[in-house]
Engineer: 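Please see the structure below; I have some questions.
Remember, it's 1-based here, ligands and their atoms both numbered in the order they're listed.
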Amino acid sequence: MFKIAVCVSGGGTNLQAIIDGVRQGVIPNTEIVRVISNNQNAYALERARLAGIDAVCISPRSYESRELFNEALLAAVDEAAPDLIVLAGFLVVLPPAMIRKYEHRIINIHPSLIPAFCGTGYYGLKVHEAALARGVKVTGATVHFVDEGTDTGPIIMQKAVAVRQGDTPELLQRRVMEEAEWIILPASIALMAEGRISVEDGQAKITDGER
Ligand code: GRF
């Protein structure tokens, strides 16, 4: 079994897509061993519990310093012993020690076509507000490995989504989720579970599978 830990902060629709993908076999031979939230009110935690998955909250508010929070977060991950850590709307800057320890074993979903509308300050609705302000006609989502930069790691998968006249940030966010995020995140995890992704010279390569 390929073991994944999923880190969340909010509603958890991407987590739900992963849960459904595992159930339906879109993500083969995989178990979600733990869901970790930094926010105890995240509905994602409820989704995990409803699916019978171990769910824990590690909130920075419960720790006296960032260092102690970072240690607790890493300990919560280590305890679950995952093969892969999936950041599914996780609004926390990861501890550098965690990034080093799990090199090429942490992936993130970002709601734009990187390198557009990414980096510091581009999260949640802000990404879609920026895309609309620039007047792009196509946006999308990207799954990438996490390195020590912000949205700079090797790109695994991307999917484009049309921007429509009259879009609001909320409408665009929803379309990007439905048409891109909920598809490419499970698909990327499936490739990881099948051992079909490698990183060569800073770029993610997908190898042909037997399936
Ligand atoms: C998604 O748009 C994801 O790309 C972003 O945060 C949002 C999380 O949504 N980084 P959800 O919690 O998965 O519903």
Engineer: Distance alone, cut at 3.5 Å: any donor-acceptor contact between the side chains of Y102 and D78?
Structural biologist: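 There is such a pair (donor and acceptor under 3.5 Å, judged by atom type) between the side chains of Y102 and D78.
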Engineer: For atom 12 (O) of ligand 1, find the nearest protein heavy atom and state the residue, atom name and distance (0.1 Å precision).
Structural biologist: G12 N, 2.8 Å
Engineer: Name the closest protein heavy atom to atom 14 (O) of ligand 1, giving the residue it belongs to and the distance to 0.1 Å.
Structural biologist: T13 OG1, 2.6 Å
Engineer: May I ask you to identify the nearest protein heavy atom to atom 8 (C) of ligand 1, giving residue, atom name and distance to one decimal place in Å?
Structural biologist: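 The answer is G89 CA, 3.7 Å.
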Engineer: Among protein heavy atoms, which lies nearest atom 3 (C) of ligand 1, and at what distance?
Structural biologist: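 Result: E181 OE1, 3.2 Å.
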Engineer: Identify, with sequence neighbours excluded, every residue that meets ring pair (Phe, Tyr, Trp, His ring centres under 6.0 Å) alongside F145.
Structural biologist: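 If we apply the ring pair (Phe, Tyr, Trp, His ring centres under 6.0 Å) test to F145, skipping adjacent residues, the hits are H104.
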Engineer: How far is atom 10 (N) of ligand 1 from its nearest protein heavy atom, and which residue and atom is that?
Structural biologist: I109 O, 3.7 Å
Engineer: For the residue pair S9 and N39, confirm or rule out a side-chain donor-acceptor distance under 3.5 Å.
Structural biologist: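 Looking only at side-chain atoms, N39 and S9 do not form any donor-acceptor pair under 3.5 Å.
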Engineer: When you measure from atom 7 (C) of ligand 1 to every protein heavy atom, which one gives the shortest distance, and what is it?
Structural biologist: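 Going by distance alone, atom 7 (C) of ligand 1 is nearest to M177 CE, 4.1 Å.
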Engineer: Mind checking whether V161 and V138 have side chains closer than 4.5 Å, heavy atoms only?
Structural biologist: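 No, side chains not in contact.
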Engineer: Can you list everything that forms a side chain to side chain donor-acceptor pair (under 3.5 Å) with E103? Sequence neighbours excluded, please.
Structural biologist: none
Engineer: Looking only at heavy atoms, which two atoms of L73 and I58 are closest? And how far apart?
Structural biologist: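 Residues L73 and I58, closest heavy atoms: N-CG2, 4.0 Å.
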Engineer: Check contact between V8 and ligand 1, using heavy atoms of the residue and a distance below 4.0 angstrom.
Structural biologist: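 No, V8 has no heavy atoms under 4.0 Å from ligand 1.
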Engineer: Does L132 share a hydrophobic cluster with V176, counting links as ILVMFWY side-chain heavy atoms below 4.5 Å and allowing steps through other members?
Structural biologist: yes
Engineer: Has ligand 1 got any nitrogen or oxygen that is less than 3.5 angstrom from a nitrogen or oxygen of N14?
Structural biologist: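 Between N14 and ligand 1 (N or O atoms, distance only) the closest approach is under 3.5 Å.
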Engineer: Using heavy atoms and a 4.0 Å limit, tell me yes or no: is A44 in contact with ligand 1?
Structural biologist: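 No, A44 has no heavy atoms under 4.0 Å from ligand 1.
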